[in-house]
Amino acid sequence: MSVVTRYAPSPTGALHIGGARTALFNWAFARHQGGSFLLRFEDTDQARSTRESEEAVLEALSWLGLDYDPVPGFEDIPRQSERLERYREAIEGLLATGAAYRCTCTVEELEAARRAAREARRQPGYNGTCRNKEIGPEPGRPFCVRLRTPEDGLTRWNDLNAGPSGEDISQLDDFIMLRSDGTPVYHLAVVVDDHDMGITHVIRGREHMTSTPRQLLLYRALGFEPPQFAHVPLLVEAGGKKLSKRHESMSVQSYRDRGFAPEAVLNFIARLGWSHSDLEIFTKEELVKLFTLAGVGRSPSQVHNDKLLWLNQHYIKSLPMPTLLSHAHRFLEAEAGGPLRVEPQLERLIDLLRERSKTFMEMASLARFYLVDALELEPKAARKYLTARMAQPLRELRDAFAVLPEWTQESLRGAFDAVIERHQLKLGQLAQPVRVAVVGGPASPGIFETLEILGRERSLARIDAALTRIGSSAQD
RNA sequence: GGUCCCAUCGUCUAGUGGCCUAGGAUACCAGGUUCUCACCCUGGAGACACGGGUUCGACUCCCGUUGGGACCA
């Protein structure tokens with residue numbers, strides 16, 4: 001039988017990195033097995049679920065390159081809010097077989113019973129008042145539907161990540177499946193959905209581990225074959241606390257907006273919990289080939305972005321130019337302050353910037369000197385390098401530049417050499433002032449390459465501006 | 001409060017009783033390269049939470065403690 005996995009987020013916000021990793025594991029597992037990977041929205045919390053969030057999740061998945069398959073028998077991605085009838089029907093079935101029963105206990109009665117149980121040091125679960133009352137379909141007062149949990153026994157399953165797991169049923173009470181307002185409870189919906197969608201493997205976060213016994217009970221009561229489960233360890237924040245869904249900076253979108261490549265983010269989150277011996281860098285295709293649940297660890301991992309930064313730079317260095325440009329384009333435009341055409345010179349610059357950029361944001365800011373016309377100089381660098389004693393050499397260099405027969409790295413080097421020799425300077429002593437003049441700061445790619453790319457006209461103008469600046473500050 | 005889970009360098013991890021006085025990666029530090037920054041190269045420092053067992057032998061198995069976490073209320 002072919003493997004079918006799913007990712008079933010609640011569309012209540014952006015896709016955060018923990019959710020993305022769960023999706024990734026499900027996706028990689030399915031693709032590795034040649035099975036399918038499905039999506040479903042668990043939007044029973046109508047108050048917080050939004051279509052915008054659904055869009056955000058879809059967009060994040062597609063950015064990461066996690067493609068999903070159509071769900072057989074469904075027009076669109078299933079939404080729990082559109083399946084309420086199906087859940088009620090399942091509950092009716094349960095009532096018909098006696099696996100569930102109606103309960104008319106009021107909130108007050110429940111509270112009192114719970115308090116009494118606590119005082120008697122007993123489990124605070126439902127005390128079973130209505131269990132054998134055989135309450136019919138029209139009780140004449142509000143009712144909920146509860147599962148008739150067996151008195152004793154064990155629910156066991158062999159978790160594909162956590163190993164043999166299970167719980168004593170006496171821990172479980174007759175939990176509610178249909179609330180008195182007529183809405184089904186989460187566990188019921190999940191079980192019915194997973195069954196209807198033909199899910200064979202449920203790979204989800206550890207936080208769902210303790211609710212698995214209940215769900216197993218439901219599978220049994222409904223006469224469904226339970227899937228295999230793998231409860232993978234959670235991702236936690238740097239301090240070790242649970243990843244908060246509110247934390248915007250942990251969202252996939254935020255990583256994108258800060259200039260990370262999807263290839264890097266994917267690689268990073270896969271490696272958070274999954275490993276294949278010492279392999280650190282891998283493509284999506286390699287991940288699919290290598291991914292197994294056995295490779296997923298058992299302890300939670302903290303999200304530290306150090307390694308992501310390194311990975312991102314690795315991908316910036318090695319991605320093919322068209323891919324790189326498509327990722328970087330919006331950042332370059334933002335820096336340029338308007339629409340941008342990528343000319344060959346800019347492409348050359350980007351090539352040089354690859355090994356100097358940890359993010360696309362950084363890359364764009366390093367390319368700023370090329371992208372803008374009005375360049376502002378860093379005061380500190382200007383003070384340090386644009387000194388009065390450098391004015392003369394700079395002026396000579398500028399004049400030599402002006403009459404160069406061709407604007408190439410070789411001829412630029414020749415001009416530098418002549419000035420250096422005349423003034424007994426080291427290359428660095430002359431290169432730094434020039435660098436500050438043309439890029440605005442003390443760091444850039446090699447000076448000859450930088451000048452060549454900037455072009456003669458702009459280079460001369462910037463050196464002139466720098467000379468003017470030296471002149472005016474000398475008179476102060 | 002109850003149930004369950006987890007525990008190797010700062011971080012991600014390799015490791016399934018002897019091959020480990022613990023390997024890789026990142027981050028950090030030092031040096032090299034260099035016109036600057038970065039890349040790159042070399043080196044350094046850095047961990048089996050603790051206590052009991054089991055065993056000829058434990059980081060690896062068991063129990064407990066501590067710490068962290070999740071879930072149910």
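Chain letters run A, B, ... following the sequence lines, proteins first and then strands; every chain starts at 1. Below, all heavy atoms of this structure are taken into account, side chains as well, without hydrogens, waters or symmetry copies. If you're wondering where the values come from, they're calculated on a predicted model, not measured in any experiment.
The CG-C1' distance, from L235(A) to A70(B), rounds to 14 Å in whole Å. When rounded to the nearest whole Å, the span between CZ of R214(A) and P of C72(B) equals 8 Å. Put simply, CD on Q302(A) is 11 Å from P on G69(B), counting in whole angstrom units. Summarising the geometry, the separation between CG on L172(A) and P on G2(B) is reported as 18 Å, rounded to the nearest angstrom. Going from atom CZ of R354(A) over to atom C1' of C40(B) covers 16 Å, rounded to whole Å. The interatomic distance linking R206(A) (CZ) with A70(B) (P) rounds to 13 Å, in whole Å. Nucleotide A70(B) holds its C1' atom 13 Å from the CZ atom of R204(A), rounded to whole Å. The CG-P distance, from L279(A) to C12(B), rounds to 18 Å in whole Å.
Between C12(B) and S275(A), no contact under 4.0 Å exists linking OP1 or OP2 to a side-chain N or O.
The number of heavy-atom neighbours closer than 6.0 Å to CD of Q46(A), taken from other residues, nucleotides and ligands shown, is above 12.
G10(B) and G18(B) are spaced 31 Å apart, taking the C1' atom of each and rounding to whole Å. For the P atoms, the distance linking C37(B) with A49(B) amounts to 42 Å, nearest Å.
Using cut-offs of 30° and 60° for the angle between ring planes, the W310(A) and H314(A) rings count as tilted. Using cut-offs of 30° and 60° for the angle between ring planes, the H195(A) and F224(A) rings count as parallel. Using cut-offs of 30° and 60° on the angle between ring planes, the pair W274(A) and F282(A) is perpendicular. Taking the six-membered ring for Trp and thresholds of 30 and 60 degrees, F291(A) and F29(A) have ring planes more than 60 degrees apart, a perpendicular arrangement.
Judged by a 6.0 Å distance limit and a 45° cone about the ring axis, R435(A) is not positioned over the six-membered ring of Y385(A). Cation-pi check for R256(A) over F360(A) is not met; the charged atom does not lie both under 6.0 angstrom from the ring centroid and within 45 degrees of its normal.
The pairing partner recorded for U66(B) is A7(B), the criterion being a Watson-Crick or G-U wobble arrangement whose two distances lie under 3.5 angstrom. Partner assigned to U33(B) is none, using Watson-Crick or G-U wobble distances below 3.5 angstrom. G1(B) is paired with C72(B) under the criterion used here, namely a Watson-Crick or G-U wobble arrangement in which both key atom distances are under 3.5 Å. A 3.5 Å limit on both hydrogen-bonding distances identifies no Watson-Crick or G-U partner for A45(B). In a base pair of the Watson-Crick type (N1 to N3 plus N6-O4 or O6-N4) or a G-U wobble (N1-O2 and O6-N3), with each distance short of 3.5 Å, G18(B) is matched with C56(B).
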So if I define the base as every atom that isn't primed, P, OP1 or OP2, how would nucleotides 19-39 of chain B read as a B/S/- string at a heavy-atom cutoff under 4.0 Å? ----BBBSS-------BBBBS
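The side chain of T210(A) sits closest to C71(B) out of C71(B), C6(B), U13(B).
In this structure, L272(A) and P300(A) both approach RNA chain B, and ranking their closest nucleotides by distance from the 5' end singles out P300(A).
Contacts of Y87(A) classified as ring-ring contact (aromatic ring centres under 6.0 Å, His included), with partners at least two apart in sequence or in another chain: none.
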